[in-house]
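Here's the structure, in structure tokens; my notes come after.
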Amino acid sequence: MERRTIGAGALAVGAVGLGCMPMSWAYSGSRQRGDASIRTVHRALDLGSTLLDTADMYGPFTNELLLGRVLKERRPEAFVSTKVGLLVGEQHIVANGRPGYVRRACDASLRRLQTDVIDLYQLHRADPEVPVEETWGAMADLVRAGKVRALGLCAVGARGGRRSGSRLHDTTLRQLQRVQQVFPVSAVQAELSVWSQEALDALLPWCASRGVGFVAAMPLGNGFLTGTLTPGEGFEPDDVRARHPRFTAEMMASNQPIVAGLRRVARRYGEDVTAAQVALAWVLAQGRHVIALPGTKQERWAAENAAAAGLRLSAEDLLEVSRLPAAQGSWD
């Protein structure tokens with residue numbers, strides 16, 4: 001698989017990574033199988049999807065434990081990314097950016113992951129009660145201590161009060177400017193897909209101009225852009241899509257032209273090329289600093305996603321994909 005670099009440290013990863021969250025958190029709990037997920041991670045590594053993305057809050061903790069079972073055998077082949085800054089309660093999630101907590105959380109993640117170093121340690125969310133510079137400074141100390149290789153920042157989620165255009169990421173851009181004064185940012189993780197293109201306006205250019213890697217989260221639109229979901233089929237109560245305004249039966253039906261457009265482009269590249277692969281290829285074409293991070297718990301989809309790294313869309317097809325209808329049921 002083509003390899004791309006994260007940050008000025010030139011840490012190389014496969015162009016398509018593996019988002020591990022669905023294996024333990026937020027998607028169809030009844031379908032989560034530890035052994036099947038382990039096979040999926042192994043398959044991803046076999047195919048060159050070396051970036052394995054997790055977080056201590058996924059589960060919570062169980063996702064890191066699951067990855068640790070693979071890393072115990074194959075640590076040199078993997079690029080390990082995990083996150084800190086969010087605590088999960090029974091009915092709520094709160095931020096914690098206190099330096100002491102960051103240090104303890106890192107040590108706990110290292111134990112669960114069965115490794116002595118984290119390749120990319122990301123701040124999941126800034127704590128409004130703690131200056132972000134203090135949190136970032138504690139994370140920088142972990143780099144100096146040899147426990148972490150590089151630091152990343154996850155873009156602030158704007159859902160619920162979402163605004164369109166470049167202003168969507170204003171808060172994240174301000175945070176990036178502040179933490180960059182403390183210690184270099186190697187990567188930014190934010191949503192980017194055919195139906196969520198807001199990062200193209202300001203966040204992606206910010207990263208490109210500074211040699212910062214961009215990790216494209218949800219590049220398959222929470223599964224919608226794969227074309228494998230049926231409108232009206234419904235989701236389990238613990239599935240985040242059960243409360244997502246783009247996943248009501250009405251909105252899923254309204255957004256089918258997006259999937260139809262991806263399939264139309266896919267047919268030009270062969271019978272085996274899928275809508276999902278076209279969606280991923282479009283994301284990868286947005287810049288050499290972009291790494292696509294589709295999440296899955298199934299070996300089959302991990303293999304299909306990895307193959308998308310070899311798909312090169314023409315300029316005409318890229319433009320056609322960019323001009324597909326805007327998604328209905330937005331957060332505005």
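Count residues from 1 along the sequence. Owing to the predicted nature of the structure, the values given are computational and were not obtained by experimental measurement.
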Output, in order, the C-alpha distance, side-chain angles, deciding distance and verdict of side-chain hydrogen bond (donor to acceptor under 3.5 Å, both in side chains) for Glu64 and Thr82. CA-CA 8 Å; Glu64 287 185 334; Thr82 192; 2.6 Å; yes

Flag the pair Asp317 and Arg268 as a salt bridge only when some basic side-chain nitrogen lies within less than 4.0 angstrom of an acidic carboxylate oxygen. yes

Any donor-acceptor pair under 3.5 Å linking the side chain of Asn255 with the backbone of Gln328? yes

Can Leu220 be reached from Leu192 by stepping across I, L, V, M, F, W or Y side chains whose heavy atoms are under 4.5 Å apart? no

Check whether Arg241 reaches the backbone of Asn222 with its side chain - one donor and one acceptor, N or O, closer than 3.5 Å. yes

Do Trp136 and Phe183 make the cut of ring centroids closer than 6.0 angstrom? no

Linking I/L/V/M/F/W/Y whenever their side-chain heavy atoms sit closer than 4.5 Å, directly or via other members, would Val273 and Val259 fall into one cluster? yes

Can you tell me if Arg323 has over 12 outside heavy atoms packed within less than 6.0 Å of its CZ? no

Residues Asp116 and Arg111 bridged, charged N to O under 4.0 Å: no

Identify the two heavy atoms, one from Ala187 and one from Val215, that lie closest to each other, and give their separation to 0.1 Å. CB-CG2, 4.4 Å

Give a yes or no on whether the backbone of Met252 and the side-chain of Gln256 come within a donor-acceptor separation of less than 3.5 Å. yes

Nearest heavy-atom contact between Leu67 and Leu113 is CB-CD2, 4.0 Å

Quick one: do Arg33 and Asp35 make a salt bridge, cutoff under 4.0 Å? no

So if you build clusters from Ile, Leu, Val, Met, Phe, Trp, Tyr with side-chain heavy-atom gaps below 4.5 Å, do Ile258 and Leu200 land together? yes

Under 4.5 Å between any side-chain heavy atoms of Ser81 and Thr54, yes or no? no

Does the plane of the ring in His244 sit parallel, tilted or perpendicular to the ring in Trp195? Use 30° and 60° as the thresholds. parallel

Let me check something: do Val194 and Tyr269 share a hydrophobic cluster, defined by ILVMFWY side-chain heavy atoms less than 4.5 Å apart, either directly or through other members? yes

Hey, does Leu52 have a side-chain heavy atom less than 4.5 Å from the side chain of Leu71? yes

Does any part of the side chain of Thr274, heavy atoms only, come nearer than 4.5 Å to the side chain of Arg263, both counted from C-beta? no

Main-chain N/O of Gly97 paired to Asp127 side chain as donor or acceptor, under 3.5 Å: yes

Distance-only polar pair, side chains of Asp53 and Gln189, donor-acceptor under 3.5 Å: yes

Side-chain heavy-atom pair Thr248, Met251 within 4.5 angstrom cut-off: yes

Side-chain touch Lys147/Val117, heavy atoms, less than 4.5 angstrom: no

Using modelled atom types only, decide if a donor and an acceptor are shared between the side chain of Asp119 and the backbone of Val148 within a distance under 3.5 Å. no

Can you tell me if Ser196 uses its side chain to pair, donor with acceptor, with the backbone of Ser193 under 3.5 Å? no

Can you tell me how far OG1 of Thr228 sits from CH2 of Trp301, rounded to the nearest 0.5 angstrom? 5.5 Å

Rounded to the nearest 0.5 angstrom, the CG-NE2 distance for Leu176 and His169 is 10.5 Å

Nearest heavy-atom neighbours spanning Ala216 and Val290: CB-CG1, 4.3 Å

Separation between CD of Gln277 and CG of Leu311, rounded to the nearest 0.5 Å: 6.5 Å

Heavy atoms only: give me the nearest Gly85-Leu123 pair and the separation to one decimal. CA-CD1, 4.4 Å

Keeping the roles fixed (side chain from Arg125, backbone from Ala155), state whether a donor-acceptor pair exists under 3.5 Å. yes

Please tell me whether Leu225 and Val283 are part of a single hydrophobic cluster in this structure, the criterion being side-chain heavy atoms less than 4.5 Å apart. yes

Pair Ile118-Leu110, side chain to side chain contact (heavy atoms under 4.5 Å, CB included): steps then yes or no: CA-CA 7 Å; Ile118 294 165; Leu110 288 168; 3.6 Å; yes

Distance (rounded to the nearest 0.5 Å) between Leu153 CG and Tyr121 OH: 13.5 Å

Distance-only, no hydrogens or angles: does the Ser254 side chain make a donor-acceptor pair with backbone N or O of Glu250 under 3.5 Å? yes

Between Arg210 and Trp206, is there a donor-acceptor pair closer than 3.5 Å when you use the side chain of the first and the backbone of the second? yes

Closest non-hydrogen atom pair, Ala275 against Leu262: CB-CB, 3.8 Å

Determine, stepwise, if the pair Cys20 / Leu66 fulfils side chain to side chain contact (heavy atoms under 4.5 Å, CB included). CA-CA 9 Å; Cys20 298; Leu66 185 149; over 6 Å; no

Heavy-atom side-chain contact between Leu203 and Phe214 under 4.5 Å: yes

Hey, are Arg98 and Glu134 close enough for a salt bridge, meaning a charged N less than 4.0 Å from a carboxylate O? no

Verdict with reasoning, Leu151 to Ser186, per side chain to side chain contact (heavy atoms under 4.5 Å, CB included): CA-CA 6 Å; Leu151 301 183; Ser186 290; 5.8 Å; no

Regarding Asp107 and Arg104, does a basic nitrogen lie under 4.0 Å from an acidic carboxylate oxygen? no

Arg39/Asp46 ion pair, N-O < 4.0 Å: no

Evaluation steps, side chain to side chain contact (heavy atoms under 4.5 Å, CB included), between Thr50 and Arg3: CA-CA 9 Å; Thr50 54; Arg3 293 172 72 80; 4.0 Å; yes

Inter-residue atom distance Glu304.CD - Asp272.CG, 0.5 Å rounding: 10.0 Å

Side-chain contact test, heavy atoms from C-beta onward, threshold under 4.5 Å: evaluate it for Glu133 versus Val179 and give yes or no. no

In terms of side-chain geometry, is the basic nitrogen of Arg4 or Glu2 positioned less than 4.0 Å from the acidic oxygen of its partner? yes

Can you give me the closest heavy-atom contact between Met1 and Ser49, atom names plus distance? CE-OG, 3.4 Å

Taking Glu233 for the side chain and Leu229 for the main chain, is one N or O donor matched with an acceptor at less than 3.5 Å? no

From Lys83 atom NZ to Met21 atom CE, the distance as rounded to the nearest 0.5 Å: 8.0 Å

Are Leu324 and Trp282 packed together at the side-chain level, in the sense that at least one heavy-atom pair is separated by less than 4.5 angstrom? no

